[in-house]
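Okay, so here's the structure we're looking at.
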There are 2 protein chains.
Amino acid sequence: MPNEHPAPPRRTPARRVTIYDIAKHVGVSASTASRALHKPGRVSKATEERIKRAAAELGYRANPAARALPTGRTGTIALLVADITNPVSFEMVRGAEREAEKHGYVLVTSEFREDHVKEASRARSLAPSVDGFVLASSRLDDDAIATIAALNPVVTINRESPSAFSVLADHEPALRELVRTLAAEGHDRLCYLGGPESSWTNAKRWTAIEAAARDEQIEALTIGPNRPTREAGQRALDAVRDTGASAVIAYNDIMAIGLLTAARDAGLRIPEDFSITGIDDIFGSDFTCPPLTTIAAPLDDMGAAAIRHVHAALSGERDRGTEKYPTQLLMRGSVGPAPQPKGRK
Amino acid sequence: MPNEHPAPPRRTPARRVTIYDIAKHVGVSASTASRALHKPGRVSKATEERIKRAAAELGYRANPAARALPTGRTGTIALLVADITNPVSFEMVRGAEREAEKHGYVLVTSEFREDHVKEASRARSLAPSVDGFVLASSRLDDDAIATIAALNPVVTINRESPSAFSVLADHEPALRELVRTLAAEGHDRLCYLGGPESSWTNAKRWTAIEAAARDEQIEALTIGPNRPTREAGQRALDAVRDTGASAVIAYNDIMAIGLLTAARDAGLRIPEDFSITGIDDIFGSDFTCPPLTTIAAPLDDMGAAAIRHVHAALSGERDRGTEKYPTQLLMRGSVGPAPQPKGRK
DNA sequence: CTGTTAGCGCGTTCAC
DNA sequence: GTGAACGCGCTAACAG
């Protein structure tokens with residue numbers, strides 16, 4: 001802990017009301033009050049009613065810390081995302097938050113900025129104050145995830161791991177469809193603009209593209225690894241052109257947007273000179289010039305599902321497994337026919 | 001609490017190491033261990049060293065809940081934002097998170113989706129588990145904020161309130177400059193596309209625009225209130241055209257982008273037929289067609305500052321006041337000369 | 001169905 | 001400089 005937060009000059013203590021206050025007020029013991037408030041049916045209907053009324057009147061709020069001590073449950077779930085400012089995170093965070101609230105959990109969201117060291121350290125420091133973890137686009141290896149999972153249930157999003165439940169977007173069919181479409185448009189060499197090496201999905205995506213290209217009997221090559229940023233997308237323009245490919249599939253929309261704007265700045269016409277596609281369907285991908293062809297996943301649902309599985313694991317249900325979500329190819333203006341029809345086939 | 005999370009089937013307890021473990025391990029009392037770990041100099045240099053070593057060896061992690069009980073401090077700060085999926089939130093969240101981590105706090109981020117009822121209820125339910133609040137773009141009235149501030153220090157972002165410390169972006173100079181520029185380009189009637197009624201900044205922005213327009217001797221009118229969404233921006237196109245204004249300043253970039261895309265879909269040329277500007281400089285505002293003229297604020301710094309002020313308040317420093325941050329007008333392609341010079345003056 | 005007792009892990013008196 | 005004892009608010013175990 002780099003810094004301590006001292007307590008000395010306490011703020012207006014304004015003592016909060018406890019179960020003892022309401023117990024005294026009603027004329028029962030504290031444990032009865034506790035039961036009435038949280039254990040359904042363990043107390044007579046009449047006194048339960050009186051206790052609940054008193055609690056409402058006095059404005060009682062359970063102290064989570066006090067509750068966590070005997071139960072070992074904090075009522076908090078941590079969601080670790082690679083990059084908060086990546087629009088991909090939004091929908092996931094929103095879905096997770098909605099579901100967490102629904103089950104009475106507080107959600108703590110934290111980003112690790114694509115840094116696996118930071119990710120591990122955040123998990124370690126958060127571990128004592130949460131009941132479980134959701135790791136979105138984790139950069140950790142299986143051992144590191146296992147370490148975390150030893151103390152708390154872990155659900156991963158877009159990352160498979162033997163020690164966690166995994167919620168995945170199945171990009172394979174959409175990528176295959178995309179490659180088929182590109183081939184049909186006459187593209188006979190396509191380039192995958194790769195993402196971070198430590199990204200599990202990066203490898204998956206390239207594998208799917210490669211296989212699809214083979215089936216379509218067109219060439220596929222990849223450049224990378226690259227950081228998943230706009231800047232990286234921009235800087236990749238020359239490398240992409242050097243490949244001689246007429247179509248590019250970028251690791252994600254952020255990179256695709258970087259590449260697209262760089263291409264336009266360089267005087268290229270999209271898609272006449274060049275087809276570009278991304279993955280994710282982030283905010284903004286529909287209003288680039290031209291709008292970006294991309295692949296959408298139900299990130300909102302996936303975020304919610306992850307929380308649901310953490311909750312299930314905490315309730316004693318199985319905490320390993322995989323759940324796949326379908327994705328959808330969105331054809332937009334950034335894809336067009338190959339520039340020089342070479343008459344393949 | 002809509003739902004309880006039952007504890008019964010506890011997960012591999014895997015008892016965590018406590019100060020007692022390390023105390024026994026070293027051969028001292030628990031209180032000495034506690035002191036050595038957190039009270040500088042209250043224990044002999046030698047034993048302090050041994051205790052710290054033991055703590056490290058055993059992998060000791062303080063139990064925040066147990067700590068919170070006697071101290072009343074949870075080490076957590078809540079950040080409430082209007083809309084997580086609005087890119088405006090990102091930078092603020094990121095800055096806040098960075099600063100929170102720096103001071104050893106855990107940050108809980110939660111959105112209330114522009115709903116003041118939800119905002120209040122979130123604050124109420126979070127109150128017992130946090131040390132303080134940051135309310136970003138709060139939709140609450142002063143009384144509601146005062147209620148929250150009675151229990152925990154509150155810092156507001158882009159919202160002034162008598163019972164909280166306020167971190168504000170000062171849009172007035174940039175708006176004035178923008179209006180002056182528009183006037184110089186020949187626009188003699190401009191329209192403010194208003195945001196939500198409950199938004200404090202909405203009123204501020206309109207006031208600044210109105211005053212600047214008066215000074216420039218051009219006409220300014222406003223339409224609204226509107227929800228701060230892309231859809232609202234799109235739907236406003238007709239209303240905006242009906243005003244006869246040749247330039248629009250939107251409440252924020254999201255709405256501006258909605259308006260811009262709707263205008264283009266309707267066959268209008270921007271900025272030849274119409275100048276459009278936003279406020280916020282969100283992700284995406286630089287790659288619309290044409291790029292959006294907007295006003296940028298140091299949201300990252302403001303988020304960090306808010307946390308700093310919560311921390312300061314918790315340390316007994318003053319918890320009322322105002323801190324203003326300068327903003328910057330970014331002229332981009334969406335602004336041009338007025339379509340039909342009417343030869344004002 | 002309900003009251004009593006004990007203890008969660010830690011900080012903090014108060015003695016020594 | 002250090003240890004023993006108490007209590008934070010709540011739940012759990014054990015009576016009754």
Side-chain angles (χ1 to χ4, degrees), chain A residues 1 4-8 10 13-51 55 58-75 127-129 131, chain B residues 1 4-10 13-52 55 58-75 127-129 131:
Chain A
M1 230 175 275
E4 284 298 314
H5 26 90
R10 284 282 285 284
R15 211 175 68 67
R16 289 197 171 85
V17 325
T18 72
I19 40 172
Y20 289 98
D21 297 323
I22 95 152
K24 196 183 304 171
H25 191 266
V26 175
V28 296
S29 77
S31 45
T32 304
S34 170
R35 284 189 281 251
L37 262 13
H38 302 296
K39 301 277 179 181
R42 303 261 299 141
V43 96
S44 83
K45 206 78 188 110
T47 59
E48 175 176 331
E49 210 37 64
R50 289 164 54 216
I51 289 173
L58 303 183
Y60 168 75
R61 309 247 110 211
N63 179 330
R67 234 178 145 189
L69 213 32
T71 61
R73 305 293 278 257
T74 63
S129 30
D131 292 342
Chain B
M1 230 175 276
E4 283 297 315
H5 26 89
R10 285 281 286 284
R15 214 176 66 69
R16 289 198 171 83
V17 323
T18 73
I19 40 172
Y20 290 97
D21 297 323
I22 95 154
K24 196 183 304 171
H25 190 267
V26 176
V28 297
S29 77
S31 43
T32 304
S34 170
R35 283 189 282 252
L37 262 14
H38 303 297
K39 303 277 179 184
R42 302 262 299 141
V43 95
S44 84
K45 207 77 187 106
T47 59
E48 176 177 332
E49 209 38 63
R50 289 164 53 215
I51 290 173
K52 288 193 168 170
L58 303 183
Y60 169 74
R61 311 245 110 212
N63 178 329
R67 232 176 149 189
L69 213 33
T71 61
R73 305 292 278 259
T74 63
S129 32
D131 293 340

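A distance of 8.0 Å separates OG of B:Ser31 from CD1 of B:Ile19, quoted to the nearest 0.5 Å.
The side-chain heavy atoms of A:Val28 and A:Val43, taken from C-beta on, include no pair separated by under 4.5 Å. Using a 4.5 Å cut-off on side-chain heavy atoms (C-beta onward), A:His25 and A:Leu58 make contact. Within the 4.5 Å cutoff, side-chain heavy atoms of A:Arg35 are placed close to those of A:Thr32.
OP1 or OP2 of C:dG11 has at least one side-chain nitrogen or oxygen of B:Arg67 nearer than 4.0 Å. The side chain of B:Lys45 contributes no N or O atom lying less than 4.0 Å from OP1 or OP2 of D:dG1. Look at B:Ser31 and you won't find any side-chain N or O under 4.0 angstrom from OP1 or OP2 of D:dT2. B:Tyr60 has a side-chain polar atom (N or O) that falls below the 4.0 Å cut-off from OP1 or OP2 of C:dC10. For C:dT12, one of the phosphate oxygens OP1 or OP2 lies less than 4.0 angstrom from a side-chain nitrogen or oxygen of B:Lys39.
For A:Ser34, whose side chain is taken as the heavy atoms from C-beta onward, the closest listed nucleotide among C:dG3, C:dG9, D:dT11 is D:dT11. Candidate nucleotides C:dC10, D:dC10, C:dT2 were compared by shortest atom distance to the side chain of B:Thr18, and C:dC10 ranks first. Out of D:dA13, C:dT4, D:dC10, the shortest distance to the side chain of A:Ser29 is found at C:dT4. Nearest to the side-chain atoms of A:Asn63 among the listed nucleotides D:dC10, C:dG9, C:dG11 stands D:dC10.
B:Arg16 has its CZ atom 11 Å from the P atom of C:dC10, to the nearest Å. Taking atom CZ of A:Arg50 as the reference point, atom P of C:dT2 lies 9 Å away to the nearest angstrom. Atom pair A:Ile19:CD1 and C:dT4:C1' shows a separation of 14 Å (rounding to whole Å applied). Taking atom CG of residue B:Leu37 and atom P of nucleotide C:dT12, one finds them 13 Å apart after rounding to whole Å. When rounded to the nearest whole Å, the span between CG of B:Asp21 and C1' of C:dC8 equals 13 Å. In this structure, B:Arg42 atom CZ and C:dT13 atom P are separated by 10 Å, rounded to whole Å. Regarding A:His38, its NE2 atom lies at a distance of 8 Å from the C1' atom of D:dC10, rounded to whole Å. Rounded to whole Å, the distance from CG on A:Leu69 to P on D:dC6 is 19 Å.
Judged by distance alone, with hydrogens and angles left aside, the side-chain atoms of A:Arg50 form a donor-acceptor pair with the main-chain N or O of A:Val26 at under 3.5 Å. A distance-only check finds a donor-acceptor pair linking the side chain of B:Thr74 to the backbone of B:Ser129 [under 3.5 Å].
Toward the 5′ end of DNA chain D lies the nearest nucleotide of B:Val28, the other residue of the pair B:Val28 and B:Ala66 mapping further downstream. Nucleotides of DNA chain C nearest to A:Tyr20 and A:Val43 differ in position, and the one nearer the 5' end is that of A:Val43.
Judged by distance alone with a 3.5 Å cut-off, no donor-acceptor contact links the side chain of A:Thr71 to the base of D:dA12. Residue-to-nucleotide contacts include a donor-acceptor pair under 3.5 Å from the side chain of B:Arg35 to the base of D:dG3.
Within the nucleic acid shown, A:Ser44 comes within 4.0 Å of sugar-phosphate atoms alone, with no base atom in reach, counting heavy atoms only.
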